[in-house]
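The analysis underlying the following values was restricted to heavy atoms, covering all of them including side chains, and did not include hydrogens, waters or symmetry mates.
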Amino acid sequence: MKFCRINLSNTNYTELDSATFLSQFDRDKMFQDLVFIYEAYCRHKRFESVMPLFRSTVFDKNTDVIVYWHNRTPVAFSLIKKYDFKNAESLQFAWDYANPELRLGIASIEHECAHYKNQGFDYLYLGQVHEYKKDFAGYEELGNPYV
């Protein structure tokens with residue numbers, strides 16, 4: 001298995017107006033909306049096996065919850081774990097796919113790159129390597145320095 005990240009210094013994306021960061025209070029109010037989006041995402045993807053959306057992950061103070069809106073309705077979210085002030089990881093992205101023309105899977109990563117770069121972060125880790133991720137500016141595959 002190979003992992004990848006975005007070197008944010010090599011990006012020039014812009015933040016979306018349709019994205020909001022949830023406070024702890026708003027996370028509680030919107031938790032069921034997030035679950036609904038996550039379930040729709042898992043159904044659409046027809047995943048064979050699914051981890052639950054844990055409240056502890058959503059409420060982790062080191063995890064940003066970003067909600068993406070369309071016509072005043074929450075349609076997608078990302079969970080971004082901040083490890084320190086330079087490195088963050090996209091733990092989970094989900095959207096309801098009601099409007100595929102929004103291309104939220106791509107738009108969300110570009111937004112997150114812009115936001116975390118603006119916050120002074122160096123890297124946004126994207127988990128496993130997938131072909132579509134290779135198209136993002138700043139894309140890097142991680143090797144194994146321990147072998």
Residues E15 and N118: closest non-hydrogen pair is OE2-ND2, 2.9 Å

F136 and I106, any side-chain heavy atoms less than 4.5 Å apart: yes

* To do: May I ask you to test the I66-F77 pair for a side-chain heavy-atom distance under 4.5 Å?
  => no

One should read off an interatomic distance between E140 CD and F3 CZ, to the nearest 0.5 angstrom, of 15.5 Å

Query - side chain to side chain contact (heavy atoms under 4.5 Å, CB included) evaluation trace for W69 with T20 - result: CA-CA 8 Å; W69 302 80; T20 58; 2.9 Å; yes

Scanning both residues in full, the closest heavy-atom pair of A114 with T14 reads CB-C, 3.5 Å

Exercise. Is there a donor-acceptor pair closer than 3.5 Å between any side-chain N or O of D96 and the backbone N or O of A98?
Worked result: yes

- prompt: Looking at H115 versus F121, is the centre-to-centre ring distance below 6.0 Å?
  reply: no

task: Say whether F59 and L91 are linked into one hydrophobic cluster, either directly or through other cluster members, by side-chain heavy-atom distances under 4.5 angstrom.
output: yes

Note: I37 and A76 closest approach over all heavy atoms is CD1-N, 3.7 Å

* Asked: Does any donor atom in the side chain of S9 or N7 lie under 3.5 Å from an acceptor atom in the other side chain?
  -> yes

Heavy-atom closest pair (V129 atom, C4 atom, distance to 0.1 Å) is CG2-CB, 4.0 Å

Output for pair (L124 CG, K117 NZ), nearest 0.5 Å, gives 13.0 Å

Between the CG atom in L102 and the OG atom in S108, the distance rounded to the nearest 0.5 Å is 11.5 Å

For the residue pair S18 and H70, establish whether any side-chain heavy-atom pair is separated by less than 4.5 Å. no

Distance col, row I80:CD1 vs S90:OG, nearest 0.5 angstrom, shows 4.0 Å

Taking everything shown except E101 itself, do over 12 heavy atoms lie less than 6.0 Å from its CD? yes

Here the gap from Y13 atom OH to H111 atom NE2, rounded to the nearest 0.5 Å, amounts to 14.0 Å

Nearest heavy-atom approach of F93 to L104 is CZ-O, 3.6 Å

Honestly curious: do F36 and W95 fall in one hydrophobic cluster under the side-chain, below-4.5 Å linking rule? no

Do the side-chain N and O atoms of E141 and Y139 include a donor-acceptor pair separated by under 3.5 angstrom?
yes

What one should report as the nearest heavy-atom pair of K86 and G120 is NZ-O, 3.3 Å

Review point. Same hydrophobic cluster for F54 and V58, using side-chain heavy-atom links shorter than 4.5 Å among ILVMFWY?
Key: yes

Is atom CG of D17 surrounded by more than 12 heavy atoms (other residues, nucleotides or ligands) closer than 6.0 Å?
-> no

* Test of ring centre spacing under 6.0 Å for Y41 and F47 -> yes

Here the gap from L79 atom CG to L34 atom CG, rounded to the nearest 0.5 Å, amounts to 7.5 Å

So side-chain hydrogen bond (donor to acceptor under 3.5 Å, both in side chains) across residues 49-68, not counting sequence neighbours, yields D28-R55, D60-T63, D60-K81, D64-K82, D64-Y116, Y68-E112

Query raised in the report: So does K2 have more than 12 non-hydrogen atoms from other groups sitting under 6.0 Å from NZ?
Result: no

Answer with yes or no whether the hydrophobic clustering places Y125 together with I6; edges join I, L, V, M, F, W, Y residues whose side-chain heavy atoms lie under 4.5 Å apart.
no

Worksheet item: Taking everything shown except N12 itself, do over 12 heavy atoms lie less than 6.0 Å from its CG?
Response: no

- Message: Using only atom types and a distance under 3.5 Å, with no angle test, would you say the side chain of R27 pairs donor to acceptor with the backbone of L22?
- Response: yes

Task: Pairwise side-chain contact, Y123 with E89, heavy-atom cut-off 4.5 Å (strictly under) - done: no

Practice task
Group every Ile, Leu, Val, Met, Phe, Trp and Tyr by side-chain heavy-atom contacts under 4.5 Å, then state whether M1 and L142 land in the same group.
Solution key: yes

